[in-house]
Amino acid sequence: MTISALPALSDIPEDVVPGVLRIENSDKDATTPIIVDMLRSVYPHDQVFGEYCPVQAYIAAPPREVYEYLSDTRSLEEWTYSLRGFVETDEPGLWLAYDRLGDATEIYTRTVANPDAMTVDYHCAWDQGKHLWMIYLMRVIDAQVVFNKPGSVVLWNNCKHPFYDENPYPETAPPKRPVWVGDFWDMFSAGHQLEMDNLKAICEYRAAHGLPLTPEWMK
């Protein structure tokens, strides 16, 4: 029995999605100037970091150990700029700390980690722990695969949730707090790079000196 396969995208008329460029409808000569026109020597900050905040780094430390360090919520006490005083709440896996950027602001964190993919997602929120809408997405990659050298590559991204623009739970905020976490969005890229540099420095120091990346106090 012969089975005839339908061609790719046969279920979508070409004139319905004219923005899809494939070699079948736009050859290399036609597409090259389109791509060149998309390149810029200078990019507006909002164009790069308006809706997403990507940062990344190479870390000279074993990827599995970097992943295991990040997957423990308490690592945030060391490499983040302002999250301090982590204690586990009565709800298993939910941690309470203070974000010193917001003075006496409580921040709640639940870490969702996948050891097979080496992804670590921090689900966080200021003030309350019922709706963790601030999501910090991280992935650890074996640098041997992507750079042909030992070590780790860490990718970190955030999406600009609409709640960054307006506090959805103002009744839970401490009185007279002058700032909201979304006020810092334009500085997220620089702030997260600073924290990524912290992560790199801490992991590389421990790896170079034969220390476990996850320190004794976290065990």
Side-chain angles (χ1 to χ4, degrees), residues 49 52-61 63 65-89 91 93-114 118-129 131-141 151-161 163-164 167 172-174 177-207 211-219:
F49 299 107
Y52 306 93
C53 182
V55 296
Q56 50 278 321
Y58 167 78
I59 297 177
E65 294 183 36
V66 173
Y67 162 78
E68 290 173 353
Y69 174 64
L70 288 172
S71 65
D72 191 316
T73 305
R74 293 168 297 174
S75 70
L76 297 167
E77 182 93 26
E78 294 194 329
W79 63 268
T80 67
Y81 175 72
S82 60
L83 305 189
R84 300 294 182 268
F86 281 84
V87 293
E88 194 166 16
T89 68
E91 185 178 331
L94 181 65
W95 292 76
L96 167 64
Y98 288 90
D99 191 340
R100 294 188 179 176
L101 280 178
D103 296 328
T105 291
E106 293 181 339
I107 184 168
Y108 291 82
T109 303
R110 180 180 297 281
T111 302
V112 179
N114 183 320
M118 290 200 294
T119 57
V120 179
D121 300 337
Y122 301 115
H123 295 236
C124 308
W126 272 18
D127 306 329
Q128 53 77 40
H131 185 181
L132 304 179
W133 57 271
M134 299 161 54
I135 315 297
Y136 298 75
L137 307 167
M138 306 190 76
R139 181 180 180 186
V140 181
I141 301 166
S152 307
V153 172
V154 177
L155 308 179
W156 175 8
N157 212 330
N158 277 64
C159 302
K160 190 181 181 186
H161 193 287
F163 289 172
Y164 280 114
N167 184 359
T172 65
R177 182 178 60 202
V179 294
W180 171 238
V181 63
D183 297 340
F184 302 107
W185 178 264
D186 287 344
M187 295 185 288
F188 265 35
S189 58
H192 287 184
Q193 189 62 59
L194 180 152
E195 292 179 319
M196 182 70 87
D197 293 344
N198 288 346
L199 176 66
K200 176 181 173 70
I202 291 167
C203 290
E204 290 188 342
Y205 178 88
R206 286 178 175 152
L211 302 172
L213 264 59
T214 301
E216 286 297 325
W217 75 265
M218 288 171 53
K219 295 180 180 178

- Query: Does atom OH of Tyr52 have more than 12 heavy-atom neighbours, drawn from other residues, nucleotides or ligands, at distances under 6.0 Å?
  - Reply: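 No, OH of Tyr52 has 12 or fewer neighbouring heavy atoms, counting only those of other groups under 6.0 Å.
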- Message: Taking CZ in Arg110 as the centre, count heavy atoms belonging to other residues, nucleotides or ligands within less than 6.0 Å. Is the count above 12?
- Response: yes
Measure the [atom1]-[atom2] distance between [X] and [Y] for me, rounded to the nearest 0.5 Å.
X      : Y      : atom1 : atom2 : answer
Phe163 : Trp126 : CZ    : CH2   : 15.5 Å
Leu132 : Cys124 : CG    : SG    : 7.0 Å
Cys53  : Gln193 : SG    : CD    : 9.0 Å
Glu68  : Met218 : CD    : CE    : 10.5 Å

Could you check whether [Y] and [X], counting side-chain N and O atoms only, form a donor-acceptor pair closer than 3.5 Å?
X      : Y     : result
Thr109 : Thr73 : no
Asp99  : Ser82 : yes
Trp217 : Glu78 : yes

- Message: Could you go through His123 and Tyr108, starting from their C-alpha distance and side-chain angles, then the distance that decides it, and tell me whether this counts as ring pair (Phe, Tyr, Trp, His ring centres under 6.0 Å)?
- Response: CA-CA 8 Å; His123 295 236; Tyr108 291 82; over 10 Å; no
- Arg206 with Glu65: basic N within carboxylate O range, under 4.0 Å: no
- Query: With the threshold set at 4.0 Å, does a side-chain nitrogen-carboxylate oxygen contact exist between Lys160 and Asp186?
  - Reply: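 So Lys160 does not pair with Asp186 through a salt bridge.
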Is there side-chain contact between [X] and [Y], with heavy atoms separated by less than 4.5 Å?
X      : Y      : result
Arg84  : Glu77  : yes
Thr105 : Arg177 : yes
Leu70  : Tyr122 : yes
Pro212 : Lys219 : yes
Trp156 : Leu137 : no
Ile59  : Leu199 : yes
Leu155 : Ile141 : yes
Ile107 : Leu83  : yes

- Using atom types as modelled and distance alone, determine if a side-chain donor or acceptor of Thr89 lies under 3.5 Å from a backbone N or O of Trp95.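 No.
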- Query: Hey, does the side chain of Lys200 reach the backbone of Tyr58 with a donor-acceptor pair shorter than 3.5 angstrom?
  - Reply: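 Yes: the side chain of Lys200 pairs with the backbone of Tyr58.
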- Item | Residues Glu106, Leu96; criterion side-chain contact (heavy atoms from CB on, under 4.5 Å); working and verdict | CA-CA 7 Å; Glu106 293 181 339; Leu96 167 64; 3.7 Å; yes
- List the steps, then state whether side-chain contact (heavy atoms from CB on, under 4.5 Å) holds for Gln128 with Trp133. CA-CA 10 Å; Gln128 53 77 40; Trp133 57 271; 4.3 Å; yes
Heavy-atom closest pair, residues [X] and [Y]:
X      : Y      : value
Tyr164 : Cys159 : CE1-O, 3.6 Å
Leu76  : Trp79  : CD2-CZ2, 3.4 Å
Tyr69  : Ile202 : OH-CG2, 4.0 Å
Pro63  : Val140 : O-CG1, 3.5 Å
Thr111 : Ser71  : CG2-O, 3.6 Å
Val154 : Met196 : O-CE, 3.6 Å

- When you look at Met134 and Val181, which way does the side-chain contact (heavy atoms from CB on, under 4.5 Å) test go after all the steps? CA-CA 10 Å; Met134 299 161 54; Val181 63; 3.8 Å; yes
- Steps toward side-chain contact (heavy atoms from CB on, under 4.5 Å) verdict (His192, Thr80): CA-CA 8 Å; His192 287 184; Thr80 67; over 6 Å; no
